[in-house]
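Data first, discussion second: the structure below is written as structure tokens.
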Amino acid sequence: MSGDSGSKSYKVVTYGCQMNVHDSERLSGLLEDAGYVKAGQEGDPDLVVFNTCAVRENADNKLYGNLGQLAPVKTRHKGMQIAVGGCLAQKDRDTIVAKAPWVDVVFGTHNIGHLPALLERAAVERKAQVEILESLETFPSTLPTRRESAYAAWVAISVGCNNTCTFCIVPALRGKEEDRRPGDVLAEIEALVGEGVIEVTLLGQNVNAYGSDLGDREAFSKLLRAAGQIEGLERIRFTSPHPRDFTDDVIAAMAETPNVMHQLHMPLQSGSDRVLKAMRRSYRQDRFLGIIRKVREAMPDAAISTDIIVGFPGETEEDFEETMKVVREARFTNAFTFQYSKRPGTPAAEMDEQVPKAVVQARYERLIALQEEISWDENKKQVGRTLEVLVAEGEGKKDDRTDRLSGRAPDNRLVHFTRPAEPVRPGDTVTVEITYAAPHHLLAEGPTLAVRRTRAGDAWEKRKGVAAAKPAGVMLGLPSIGAPKALPLAAPAGGACCGD
């Protein structure tokens with residue numbers, strides 16, 4: 001169903017990492033630039049775009065299940081189109097059309113800018129268009145963007161990855177690392193701040209390897225310091241670094257640049273040197289713990305989170321205990337823990353000694369229990385502290401029922417606080433005193449100590465007014481991407497993509 005203006009409506013469904021979410025903002029911008037309108041709440045959209053992820057073993061099952069649900073919808077909705085892009089499209093190519101011949105367009109990770117033209121060609125020629133490029137044609141930052149948040153934004157500083165981790169397929173699908181020029185990155189941030197954004201998250205598959213393509217090993221720390229000079233930018237975050245490239249100059253830049261938040265997501269994956277070697281992770285336990293110690297020496301208040309894979313092929317009980325040892329010593333604020341699952345196309349998927357599911361499950365539960373205990377203990381240390389919280393949109397599922405609002409502390413902890421008497425908008429900040437801690441959130445039950453209305457709140461308010469005047473589209477009951485929130489203390493599944 002088209003919008004009231006006659007424009008076609010669209011819906012983008014996103015799976016996977018922050019890089020995919022950011023790519024979906026580009027896809028939305030391209031479509032709106034081509035005359036589409038974002039779908040509303042009723043009926044069937046004229047276009048559904050799946051931006052896929054190839055990280056999980058059942059990623060294709062999830063995609064084909066949703067495509068199967070759309071087949072009868074497309075039959076009754078004349079002119080409806082379906083496009084599939086992202087990492088799974090890059091990997092499976094012609095397989096998608098073979099399994100789901102009602103798909104109109106398949107495009108890869110390197111040519112998202114071609115989507116409008118491919119859709120038009122598919123409509124004219126009345127056959128599926130499959131276009132997969134092997135290398136990046138245009139850096140995505142040059143494309144139009146429909147930002148999903150008025151107050152926080154992703155900024156990609158690089159794409160691709162030069163690592164060869166045996167569990168990760170991302171380098172094969174995203175290609176070798178390509179870095180943006182620092183001036184281009186800073187210009188984008190300045191433009192965003194001019195629009196009202198007060199928080200940016202720098203993105204890269206291996207974000208702190210930034211500079212390897214530019215011939216400058218300290219390019220990332222220089223970029224952090226330069227971004228810190230941008231007037232009006234209050235919070236800078238980044239995800240996801242790699243221990244191999246995490247150098248002392250980056251720690252110094254974090255500690256010495258006031259608007260770089262004291263929050264670090266540092267993927268561990270395993271605490272066992274033997275398993276790390278099998279994973280082709282270019283660091284060992286001592287190196288990892290050394291980074292954690294240096295960060296805490298420079299920033300005692302730093303919130304450090306991680307990713308851990310349980311049950312990698314060949315992992316023994318002794319190997320797992322080494323992981324538990326690191327968790328006890330590092331005392332992560334939060335950890336994203338995953339049971340190993342085969343990623344088709346990766347070396348690890350073909351390794352012998354796949355660990356039995358029951359063993360993996362038991363180890364996983366032990367790790368979760370330990371990390372929950374540590375997370376709770378670390379959060380309890382926040383009780384009594386006064387924090388400035390950036391009010392978020394959609395973070396608190398129980399806010400309406402409890403008469404609370406939610407937001408993020410500078411270290412990215414989730415804070416639920418009593419709704420102030422005066423109006424507060426997403427993008428504004430409140431000052432509150434923490435009265436209670438749970439493993440995954442903090443609570444401020446007393447009155448709000450201060451409310452600061454910001455340019456970001458103004459931008460949110462303006463956007464809501466503009467959005468209300470747009471023609472209403474329609475959409476399916478399919479997964480939605482929502483507004484890009486502050487990272488949930490860490491990036492899921494390895495941050496900007498699966499392999500960090």
Given T239, V21, V155, the one that forms side-chain contact (heavy atoms from CB on, under 4.5 Å) with L203:
T239
Donor-acceptor pair between E388 and T429 side chains, under 3.5 angstrom
yes
Is a side-chain N or O of R280 found less than 3.5 angstrom from the main chain of K277, in a donor-acceptor match?
no
Look at the side chain of R408 and the backbone N and O of A392, then say whether any donor-acceptor pair between them is shorter than 3.5 Å.
no
Side-chain donor or acceptor of N51 paired with backbone N/O of N20 under 3.5 Å:
yes
Distance, nearest 0.5 Å, that separates OG1 of T323 from CD1 of I309:
10.0 Å
Applying salt bridge (charged side-chain N to carboxylate O under 4.0 Å, His left out), run through E315 and R363 and close with a yes or a no.
CA-CA 11 Å; E315 181 188 75; R363 290 175 184 168; 2.9 Å; yes
So which heavy atom on A409 is nearest to which on R237, and how close?
O-NH2, 3.4 Å
Atom pair CD1/CG of I291 and D248 - distance to nearest 0.5 Å:
9.0 Å
Checking side chain to side chain donor-acceptor pair (under 3.5 Å) against H265, which of D307, T333, N412 comes through?
D307
Are H416 and E445 close enough that a side-chain donor and a side-chain acceptor fall under 3.5 Å?
no
For I132, is there any backbone N or O sitting under 3.5 Å from a side-chain donor or acceptor partner on N111?
no
Just by modelled atom types, is the P410 backbone N or O under 3.5 Å from a matching donor or acceptor in the R413 side chain?
no
Would you find a donor on one side and an acceptor on the other, under 3.5 Å apart, between the side chain of T257 and the backbone of V260?
no
Determine whether more than 12 heavy atoms belonging to other residues, nucleotides or ligands lie under 6.0 Å from atom CZ of R217.
no
Is the backbone N or O of C168 less than 3.5 Å from a side-chain atom of T346, with the two atoms forming a donor-acceptor pair by type?
no
How long is the span from the CG atom in N208 to the CE atom in M266, to the nearest 0.5 Å?
6.5 Å
Measure the spacing between CG of L224 and CD of E218 and express it to the nearest 0.5 Å.
12.0 Å
How about N206 and E177: does a side-chain donor come under 3.5 Å of a side-chain acceptor?
no
Main chain of Y210, side chain of D179: is a donor-acceptor contact present, judged purely on distance under 3.5 Å?
no
Return yes if some donor-acceptor pair links the side-chain N/O of D411 with the main-chain N/O of A302 below 3.5 Å, else return no.
no
Side-chain donor-acceptor pair present, T337, Q371, cut-off under 3.5 Å:
no
Over 12 non-hydrogen atoms of neighbours within 6.0 angstrom of CZ in R181:
no
Which ring-ring contact (aromatic ring centres under 6.0 Å, His included) pairs, counting each pair once, include a residue from residues 292-331, with sequence neighbours left out?
F312-Y340
Who are the side chain to side chain contact (heavy atoms under 4.5 Å, CB included) partners of K380, not counting sequence neighbours?
W376, D377, A437
Could you verify whether a donor N or O on one side chain and an acceptor N or O on the other, from Q285 and K325, lie under 3.5 Å apart?
yes
Got a second to check how far L405's CG is from T402's OG1, nearest 0.5 Å?
8.5 Å
Does a side-chain heavy-atom distance below 4.5 Å link F167 with R343?
yes
Using the side chain to side chain contact (heavy atoms under 4.5 Å, CB included) criterion, which residues pair with A438? Sequence neighbours excluded.
Y436, H441
Mind running salt bridge (charged side-chain N to carboxylate O under 4.0 Å, His left out) on R296 and E329 for me, showing each step along the way?
CA-CA 12 Å; R296 291 235 164 89; E329 185 168 339; over 6 Å; no
Can you check whether L202 reaches I189 side chain to side chain, under 4.5 Å on heavy atoms?
yes
Yes or no on salt bridge (charged side-chain N to carboxylate O under 4.0 Å, His left out) for R366 and E321, after CA distance, side-chain angles and deciding distance?
CA-CA 10 Å; R366 286 160 56 196; E321 283 297 337; 2.7 Å; yes
Would you check, one step at a time, whether the test side-chain contact (heavy atoms from CB on, under 4.5 Å) holds for I251 with F246?
CA-CA 8 Å; I251 298 174; F246 202 78; 3.4 Å; yes
Distance (rounded to the nearest 0.5 Å) between E350 CD and T166 OG1:
12.0 Å
T247 vs F220, side-chain contact (heavy atoms from CB on, under 4.5 Å): CA-CA, chis, key distance, verdict
CA-CA 10 Å; T247 48; F220 185 60; over 6 Å; no
Given side-chain contact (heavy atoms from CB on, under 4.5 Å), test R287 with S282 step by step and report yes or no.
CA-CA 10 Å; R287 160 73 174 156; S282 49; over 6 Å; no
Determine the interplanar angle of the Y283 and F288 rings, folded into 0 to 90°, and report it as parallel if under 30°, tilted if 30 to 60°, perpendicular if over 60°.
tilted
Which is it for E297 and K294 under the salt bridge (charged side-chain N to carboxylate O under 4.0 Å, His left out) test, yes or no, and what are the steps along the way?
CA-CA 5 Å; E297 287 169 3; K294 287 182 179 180; over 6 Å; no
Verify, without hydrogens or angle tests, whether R180 (side chain) and A156 (backbone) share a donor-acceptor contact under 3.5 angstrom.
yes
